[in-house]
Protein chains: 2
Amino acid sequence: MDEKFWYLKNCTLFERLTPEQTARLEKRSQVKKFARGSLIYVPSDAGESVLLLTTGRVKIYHITGEGKQALLALIDPGELFGELALFDGGQREEFAEAMDSATLLRIPATEIFDLMESHPEVSLGVTRLMGLRRRRIERRLKSLLFRSNRERLIHLLMELVDKYGRRTPEGVEIGVKLSHQDLANIIGSTRETVTVVLGELKAEGSLLIKRRQIVLTQMDRLARSVDMSPPTLPSDAAANRTIGPAAQRSF
Amino acid sequence: MDEKFWYLKNCTLFERLTPEQTARLEKRSQVKKFARGSLIYVPSDAGESVLLLTTGRVKIYHITGEGKQALLALIDPGELFGELALFDGGQREEFAEAMDSATLLRIPATEIFDLMESHPEVSLGVTRLMGLRRRRIERRLKSLLFRSNRERLIHLLMELVDKYGRRTPEGVEIGVKLSHQDLANIIGSTRETVTVVLGELKAEGSLLIKRRQIVLTQMDRLARSVDMSPPTLPSDAAANRTIGPAAQRSF
DNA sequence: TCGAAAATGTGTGGCAATTCACAGAGAACA
DNA sequence: TGTTCTCTGTGAATTGCCACACATTTTCGA
């Protein structure tokens with residue numbers, strides 16, 4: 001059982017396939033490797049395939065007219081991405097870039113369609129994936145409209161906890177390393193503002209920075225300050241395995 | 001052939017069903033009427049059904065902590081809405097309000113699931129619907145991040161043209177009546193700012209206001225000023241009938 | 001382990017956008 | 001036809017955020 005095969009099985013979307021189907025899917029797909037910083041696809045590329053990330057991390061972003069990078073999603077191993085072009089004109093509309101050196105599986109769109117037709121649960125799974133991501137995007141939209149940079153940042157921290165949060169003695173640690181610039185690119189702000197606001201939150205005792213990592217010491221209070229219900233940590237959640245370990249979350 | 005039956009057939013999602021299936025779907029659904037301003041659902045409602053709007057118009061929005069209304073979508077006759085809760089915990093997260101008196105069909109979630117299982121093209125149709133709406137939301141997110149109110153408003157005007165645009169001798173008319181407050185609620189700005197920016201655009205000769213309606217006299221120039229490609233008008237588009245006349249567009 | 005490159009911290013001025021406040025215009029109702 | 005209510009227009013005061021500039025710290029590859 002070689003590596004890509006393993007990852008096919010690991011992706012909940014495909015876990016119910018018969019061994020023959022998995023083998024076929026594997027045969028028709030190809031493994032690709034990308035160096036850190038290289039582009040996996042760019043706008044106007046034909047979107048004839050779906051990508052399954054096996055190792056590394058990928059960011060999906062858009063470049064505005066003034067050259068600013070609007071970060072739309074972070075993809076972790078086991079997650080499917082680039083699936084939107086399947087149902088919408090077949091063209092990419094953003095950049096996908098490897099943040100570390102990454103390996104991924106390129107699955108032809110036709111394979112997915114075949115599977116969806118023959119396998120109702122795959123079809124349902126894809127729909128659910130689209131739905132969960134849409135929900136996530138909509139939440140993000142809400143967290144941006146009418147909100148100050150402080151509120152946006154707090155919302156973002158909650159999203160990050162939701163996806164990467166780990167309980168530690170000191171509080172909830174966000175298990176992913178993002179620069180202030182990255183955070184700014186997600187909430188549509190500037191690097192300097194993020195630095196300042198994070199500094200304020202630290203001064204207020206809501207969080208602390210340990211070895212380049214953000215630890216929320218007052219998560220509940222923070223959440224309530226922007227009237228959100230505190231997020232559940234992934235480690236706490238034994239309940240919701242539907243699409244995949246990480247594939248449900250997109251930020 | 002009564003009214004709701006007609007609308008079932010009109011919704012492209014269901015157009016391929018056999019008469020028996022349509023009849024069954026009709027029998028299990030119920031027609032509801034809502035007066036202008038009344039709420040169709042509110043957050044934390046159970047999302048056990050999908051709504052198909054037959055007459056009137058519906059707005060979907062979120063209320064922020066400070067009481068501001070973030071407008072997420074406008075629904076027109078023939079469009080399906082409230083479908084997100086199907087795949088995501090089954091809870092509503094926003095308000096749906098009738099803008100005019102509206103009649104709609106409430107379709108139980110179980111019916112949709114049954115159809116999706118037995119009818120691959122329904123399943124595919126739902127997925128495509130989710131995908132198109134997700135694309136739309138993502139575009140909106142991009143048009144918000146890092147952009148001034150002027151740019152946001154121009155982007156919004158282009159979206160409105162895309163959905164409601166009509167060619168007239170004077171230019172492209174936006175065939176929908178939205179107050180400045182509504183526009184502000186979409187782009188996350190204030191009523192006053194929208195008034196001012198619209199005034200500027202009028203002074204620059206980019207648009208004019210005729211009988212409470214916006215007419216873009218320089219659509220292409222406007223689009224290029226925010227580096228977009230000018231939208232195609234719905235009247236020009238004979239090409240893309242997939243989901244439904246309006247269901248593809250969500251703004 | 002050192003040196004370059006990347007990331008963070010801080011201040012200052014400027015401007016875009018919000019807030020508040022009120023006046024006029026249009027639509028809706030009797 | 002007036003009365004009321006919702007919309008639109010405009011101005012002044014205020015502020016939150018950005019742009020720019022620079023110092024300091026951390027990271028990471030050679």
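Only a predicted model underlies this, so the values are computations on that prediction, with no experimental measurement involved. To find a chain, count down the sequence lines: A is the first, B the second, and so on, and within it residues start at 1.
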For this session: Mind jotting down which residue pairs meet the side-chain hydrogen bond (donor to acceptor under 3.5 Å, both in side chains) criterion with at least one end in residues 213-222 of chain A? Sequence neighbours excluded, please.
Result: A:Ser206-A:Arg221
Exercise. Contact class for A:Lys177 (heavy atom, under 4.0 Å): base, sugar-phosphate, or nothing?
Worked result: sugar-phosphate
Problem set entry | d(CD, A:Glu66; P, C:dA16) in whole Å | 14 Å
Exercise. B:Leu183 CG to D:dG9 P: how many Å, rounded?
Worked result: 12 Å
Exercise. Does B:Arg150 use its side chain to pair, donor to acceptor, with the backbone of B:Leu201 at less than 3.5 Å?
Worked result: no
Exercise. Of all the choices, C:dT8, C:dA17, D:dT10, which nucleotide is nearest to the side chain of B:Ser148 once you look at every atom?
Worked result: C:dA17
Problem set entry | Taking every non-hydrogen atom, the tightest pair across B:Lys210 and B:Val215 | CG-CG2, 4.0 Å
Seminar exercise, completed: Taken in chain and number order and not counting sequence neighbours, the residues that satisfy side-chain contact (heavy atoms from CB on, under 4.5 Å) with B:Val196 are B:Glu200
Problem set entry | Closest listed nucleotide, where the reference is the side chain of A:His180 and the choices are D:dC17, C:dT18, C:dG9 | C:dG9
Problem set entry | Residues that A:Ser179 engages under side-chain hydrogen bond (donor to acceptor under 3.5 Å, both in side chains), provided they are two or more places apart | A:Asp182
For this session: Taking only the side-chain nitrogens and oxygens of B:Thr190, find out if one of them lies under 4.0 Å from OP1 or OP2 of C:dA17.
Result: no
Problem set entry | Nearest atoms (heavy-atom pairs only) where B:Ile154 meets B:Ser225 | CD1-OG, 4.0 Å
Seminar exercise, completed: Here the distance between atom C1' of D:dT27 and atom CG of A:Asp182, to the nearest Å, is 15 Å
Problem set entry | Relative orientation of the end axes in the helix from C:dT1-D:dA30 to C:dA30-D:dT1, expressed as an angle to the nearest 10° (five pairs per end) | 60°
Exercise. Pairs in or reaching into residues 59-68 of chain B: which pass side-chain hydrogen bond (donor to acceptor under 3.5 Å, both in side chains), with residues at least two apart or in two chains?
Worked result: B:Lys59-B:Gln69, B:Tyr61-B:Glu97
Problem set entry | Any A:Thr193 side-chain N or O less than 4.0 Å from OP1/OP2 of D:dG16 | no
Problem set entry | Between P of D:dG16 and CZ of A:Phe146, the distance in whole Å | 18 Å
For this session: Could you list the residues that satisfy side-chain contact (heavy atoms from CB on, under 4.5 Å) with B:Asp45, not counting sequence neighbours?
Result: B:Tyr41, B:Val42, B:Arg92
Problem set entry | Phosphate OP1/OP2 of D:dT10: any B:Thr195 side-chain N/O under 4.0 Å | no
Are there any protein N/O atoms within less than 3.5 Å of an N/O atom in nucleotides 20-26 of chain C, and if so, which ones and at what distance?
{"residue": "C:dC20", "atom": "N4", "partner": "B:Glu192", "partner atom": "OE2", "Å": "3.3"}

Problem set entry | d(CZ, A:Arg150; P, C:dT18) in whole Å | 20 Å
For this session: To the nearest Å, give me how far apart CD (A:Gln181) and C1' (C:dT8) are.
Result: 12 Å
Exercise. Under 4.0 Å between a side-chain N/O of B:Ser179 and OP1 or OP2 of D:dC7, yes or no?
Worked result: no
Seminar exercise, completed: note: B:Met99, atom CE; D:dC7, atom P; distance rounded to Å ~ 10 Å
For this session: Measure from CG on B:Asn149 to C1' on C:dT18 and round the result to the nearest Å.
Result: 10 Å
Exercise. Taking only residues two or more places apart in sequence, or in another chain, which ones meet B:Ser101 in a side-chain hydrogen bond (donor to acceptor under 3.5 Å, both in side chains)?
Worked result: none
Exercise. What ring-ring contact (aromatic ring centres under 6.0 Å, His included) pairs are there with at least one residue in residues 188-222 of chain B, not counting sequence neighbours?
Worked result: none
